[in-house]
Asks: 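One structure, pasted below without further comment.
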Amino acid sequence: QVQLVESGGGLVQAGDSLRLSCAASGGTFSAYAMGWFRQAPGKEREFVAAITWSGTHTYYADSVKGRFTISRDNAKNTVFLQMNSLKPEDTAVYLCVADRGRYSWYAGTQESDYVYWGQGSQVTVSS
């Protein structure tokens with residue numbers, strides 16, 4: 001069983017930056033593809049970014065491409081989401097996810113690709 005704990009959220013102004021962290025425990029972190037989803041009030045949960053177990057491949061939603069960067073440190077069992085040029089529409093709860101941990105060459109962009117979910121970290125961007 002993998003536990004995921006997000007941190008780093010907060011209240012910022014439009015144009016600011018934030019870095020989210022997700023610390024994993026309970027499994028072989030380097031085996032898992034990791035990702036981030038977000039959910040805004042009254043909206044469907046949506047994919048944000050994902051990274052393969054090795055960090056070789058990354059995937060982004062069009063809405064964050066060029067502004068957000070996902071990375072990982074397998075030695076520290078942590079995945080990061082660097083968010084730059086934040087916009088009010090980025091306001092949401094950000095959730096860290098992990099897949100089944102099979103050293104997949106691919107990191108999915110669908111909710112069904114992931115088995116483990118964190119509790120989420122609130123990001124609020126004021127205009």
Side-chain angles (χ1 to χ4, degrees):
Q1 189 76 8
V2 175
Q3 291 81 44
L4 304 172
V5 179
E6 302 94 337
S7 61
L11 172 64
V12 297
Q13 293 187 331
D16 285 350
S17 298
L18 273 178
R19 189 174 82 153
L20 300 181
S21 300
C22 172
S25 61
T28 304
F29 180 76
S30 60
Y32 296 90
M34 303 293 294
W36 293 91
F37 284 73
R38 67 186 182 186
Q39 187 161 23
K43 294 189 177 181
E44 295 286 321
R45 188 178 296 173
E46 65 174 353
F47 168 77
V48 176
I51 187 167
T52 52
W53 68 272
S54 62
T56 301
H57 301 290
T58 56
Y59 308 82
Y60 297 95
D62 287 343
S63 59
V64 307
K65 202 170 293 183
R67 299 188 298 123
F68 290 12
T69 302
I70 188 170
S71 61
R72 65 189 297 159
D73 185 339
N74 285 348
K76 296 183 177 179
N77 291 359
T78 304
V79 64
F80 305 98
L81 185 67
Q82 178 66 43
M83 305 184 292
N84 298 330
S85 302
L86 282 161
K87 304 175 181 180
E89 51 264 43
D90 294 318
T91 295
V93 174
Y94 284 71
L95 301 124
C96 177
V97 296
D99 74 354
R100 288 169 177 79
R102 296 175 179 173
Y103 296 101
S104 175
W105 63 270
Y106 174 74
T109 62
Q110 305 299 312
E111 291 186 39
S112 57
D113 292 320
Y114 297 94
V115 177
Y116 303 103
W117 292 72
Q119 293 297 308
S121 182
Q122 177 70 46
V123 172
T124 302
V125 185
S126 63
S127 57

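This one's a predicted model, so the numbers in the text were calculated from it and none came from an experiment.
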Asks: Using only atom types and a distance under 3.5 Å, with no angle test, would you say the side chain of T28 pairs donor to acceptor with the backbone of S30?
Replies: no
Asks: Check salt bridge (charged side-chain N to carboxylate O under 4.0 Å, His left out) between R38 and all other residues, then give those that pass, not counting sequence neighbours.
Replies: E46, D90
Asks: What I'd like to find out is whether the side chain of W53 reaches to under 4.5 Å of the side chain of R102, using heavy atoms alone.
Replies: no
Asks: Going by heavy atoms in the side chains, are C96 and W36 under 4.5 Å from each other?
Replies: yes
Asks: Side chains of V79 and I70, heavy atoms from C-beta outward: is any pair under 4.5 Å?
Replies: yes
Asks: Indicate the atoms forming the closest heavy-atom contact of D113 with D99, along with that distance.
Replies: O-CB, 3.4 Å
Asks: Can V115 be reached from Y59 by stepping across I, L, V, M, F, W or Y side chains whose heavy atoms are under 4.5 Å apart?
Replies: no
Asks: Got a donor-acceptor contact below 3.5 angstrom from the T91 side chain to the V125 backbone?
Replies: yes
Asks: Measure across Y60 and A49 and return the closest heavy-atom pair with its distance rounded to 0.1 Å.
Replies: CD2-CB, 3.7 Å
Asks: Are any of the side-chain heavy atoms of Q122 and L11 separated by less than 4.5 Å?
Replies: no
Asks: With clusters defined by side-chain heavy atoms of hydrophobic residues (ILVMFWY) lying less than 4.5 Å apart, directly or transitively, does F47 cluster with F80?
Replies: no
Asks: Would the number of heavy atoms belonging to other residues, nucleotides or ligands and lying under 6.0 Å from CD of Q39 be above 12?
Replies: yes
Asks: Could you check whether the rings of F37 and Y114 sit parallel, tilted or perpendicular, using 30° and 60° as the cut-offs?
Replies: perpendicular
Asks: For the CD atom of E6 and the SG atom of C22, what is their distance to the nearest 0.5 Å?
Replies: 5.0 Å
Asks: Looking at R67 and S85, would you say the former's side chain and the latter's main chain have a donor-acceptor pair under 3.5 Å?
Replies: yes
Asks: Report the distance from atom CD of E89 to atom NZ of K43, rounding to the nearest 0.5 Å.
Replies: 8.0 Å
Asks: Following the transitive rule for hydrophobic clusters with a side-chain heavy-atom cut-off under 4.5 Å over Ile, Leu, Val, Met, Phe, Trp and Tyr, establish whether I51 and V48 coincide in one cluster.
Replies: yes
Asks: Just verifying a value: how many Å separate M34 CE and N77 CG, rounded to the nearest 0.5 Å?
Replies: 9.0 Å
Asks: Can you tell me how far the CZ atom of R72 sits from the OG atom of S21, to the nearest 0.5 Å?
Replies: 13.5 Å
Asks: Is R45 reaching over with its side chain to a backbone N or O of L95, donor-acceptor style, under 3.5 angstrom?
Replies: no
Asks: Please confirm whether the backbone N or O of G9 pairs with a side-chain atom of S121, one donor and one acceptor, at under 3.5 Å?
Replies: yes
Asks: Which is it for H57 and W105 under the side-chain contact (heavy atoms from CB on, under 4.5 Å) test, yes or no, and what are the steps along the way?
Replies: CA-CA 8 Å; H57 301 290; W105 63 270; 5.7 Å; no
Asks: Contact between L20 and M83 at the side-chain level, heavy atoms closer than 4.5 Å - yes or no?
Replies: yes
Asks: Count I, L, V, M, F, W, Y as connected when their side-chain heavy atoms are under 4.5 Å apart, and connections chain through other members. Are Y32 and V97 then in the same cluster?
Replies: no
Asks: Sequence neighbours left out, what passes ring pair (Phe, Tyr, Trp, His ring centres under 6.0 Å) with F68? Give chain and number order.
Replies: none
Asks: Mind checking the NZ-OG spacing from K87 to S127? Nearest 0.5 Å is all I need.
Replies: 14.0 Å
Asks: Determine, using the 4.5 Å side-chain heavy-atom cutoff (strictly less than), whether V123 and L4 are members of one ILVMFWY cluster.
Replies: yes
